[in-house]
Peer 1: 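Pasting a structure below so you can have a look.
Computation of the quantities below employed the complete heavy-atom set of this structure, encompassing side-chain atoms and omitting hydrogens, waters and symmetry-equivalent molecules. Position 1 is the first residue of the sequence, and the numbers go up from there. Atoms within each ligand, like the ligands themselves, are counted from 1 in listed order.
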Amino acid sequence: MIIDGKAVAAQIRAELLTRTARFFEKAGRAPSLAVLLIGDDPASQIYIRNKIKGCAETGIRSFDVRLPEDTSEEEAVLAVRKLAQQTDLDGILVQLPLPKHLNAEKILAEIPPEKDVDGFSAANIGALALGKEGMVACTPLGVMELLRRYGIEPRGKHAVVIGRSNIVGKPMSLLLLNADATVTVCHSHTKNLKEECLRADILIAAAGKAKLLTADMVKEGAVVIDVGTNRDENGKLCGDADFENVQKKASFITPVPGGVGPMTIAMLLQNVCTAAEKRLK
Ligand code: NAP
């Protein structure tokens, strides 16, 4: 079965419209998100445009804050600190990657954990590691939501995550662990990736390598979630899995595009809404 991330994301957006309307009734304002972009990275500009569009479509007010490429670390820290002090802001997002001369960890630390809607700050990653409530990174959160809405229960399953980045692989493995799966995390130094993958009931590919995951690495009936976003030899968008062949063995599989991708922004919007509701309480 092909998991339709686009349809699930559309459903979540519809649910959010109801939630933001209810919030407006109670608070007299819309949930709000500030998006800070430093520099002029073209990919970041597209991501930001999509996030702002998503906000408008779900009743979230967004503030687009731009700083030049040569912004100093001190200026960036002050800009985030200023946003953090704005009482009418529920979420703050600093678009990554930052220009090379800036220390992302230091700048992200200025976002109060309850407004860190990307879930990238040390405080929120720490909360996740401790199994405590906090803001969770949108892409892995989106994967968990897809599993939930398709009735795929991680408890007692063997989950294998390929990738250990701070924004996908690591939070993904912690979420699965917190959901009572037995988790193996693979990375570029993993000795026998195929052997590890063959043991997976739930296989999450987040390496960013086209055709890394081939059918001979997948157990019959496994659930395959493909987070990878790559370009194939013809420049076409593709994931980490050899979709045509892997789908013949998987019980469920996400396509690229149309799988995990649409869930990421939907989860960001959901995090903003949740942050606003919690602050109102
Ligand atoms: P990243 O920071 O480059 O991390 C990639 C991870 O994969 C690293 O941990 C790396 O291991 C591991 N890896 C690379 N090649 C491998 C191999 N041959 N075998 C085993 N492990 C390997 O990337 P990321 O930010 O996590 O993103 C991963 C992918 O997801 C990318 O394609 C990205 O575009 C995509 N993505 C999609 C969304 C979405 O919304 N759909 C959101 C975020 C990211 P080491 O740690 O040892 O280097």
Peer 1: Report, in ascending order of atom number, the atoms of ligand 1 lying under 4.0 Å from any heavy atom of Val168.
Peer 2: 26 (O), 43 (C), 44 (C)
Peer 1: Just by modelled atom types, is the Asn234 backbone N or O under 3.5 Å from a matching donor or acceptor in the Asp232 side chain?
Peer 2: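 Judged by distance alone, yes, a pair lies under 3.5 Å.
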Peer 1: Backbone, side chain, both or neither: what part of Thr190 comes under 4.0 angstrom of ligand 1, heavy atoms only?
Peer 2: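 Neither; no heavy atom under 4.0 Å.
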Peer 1: Could you find the nearest protein heavy atom to atom 7 (O) of ligand 1 and give me its residue, atom name and distance?
Peer 2: Ala207 CA, 3.2 Å
Peer 1: Between ligand 1 and Gly169, can you find any atom pair, the residue atom being a heavy atom, that is separated by under 4.0 Å?
Peer 2: no
Peer 1: Using a strict 4.0 Å cut-off to heavy atoms of Val227, name the atoms of ligand 1 that fall inside it.
Peer 2: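 Heavy-atom distances to Val227 below 4.0 Å select 30 (O), 35 (C), 36 (N), 37 (C), 41 (N).
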Peer 1: Quick test of your reading of the model: are Asp201 and Lys157 salt-bridged, counting only N-O distances below 4.0 Å?
Peer 2: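 Salt bridge between Asp201 and Lys157, a charged N being under 4.0 Å from a carboxylate O: no.
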Peer 1: How does His187 reach ligand 1, if at all, at less than 4.0 Å between non-hydrogen atoms: by side chain, backbone, both, or neither?
Peer 2: both
Peer 1: For atom 4 (O) of ligand 1, grab the closest protein heavy atom and report residue, atom and distance to one decimal in Å.
Peer 2: Ser165 CB, 3.8 Å
Peer 1: Within the structure provided, determine whether Glu57 and Arg13 are in side-chain contact (heavy-atom separation under 4.5 Å).
Peer 2: yes
Peer 1: Record the part of Asn230 in heavy-atom contact with ligand 1 below 4.0 Å; permitted values are side chain, backbone, both and neither.
Peer 2: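 Under 4.0 Å from ligand 1, Asn230 contributes side-chain atoms alone.
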Peer 1: For ligand 1, is any non-hydrogen atom under 4.0 Å from Thr264's backbone (N, CA, C, O), its side chain (CB onward), both, or neither?
Peer 2: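 Side chain only.
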Peer 1: For atom 33 (C) of ligand 1, grab the closest protein heavy atom and report residue, atom and distance to one decimal in Å.
Peer 2: Thr229 N, 4.2 Å
Peer 1: Taking Arg29 first and then Asp88, would you say they form a salt bridge - that is, a charged N and a carboxylate O separated by under 4.0 Å?
Peer 2: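 Result for this pair is no, no salt bridge flagged.
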Peer 1: Closer than 4.0 Å to some heavy atom of Ile162 - which atoms of ligand 1 meet that?
Peer 2: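 Result: 20 (C), 21 (N).
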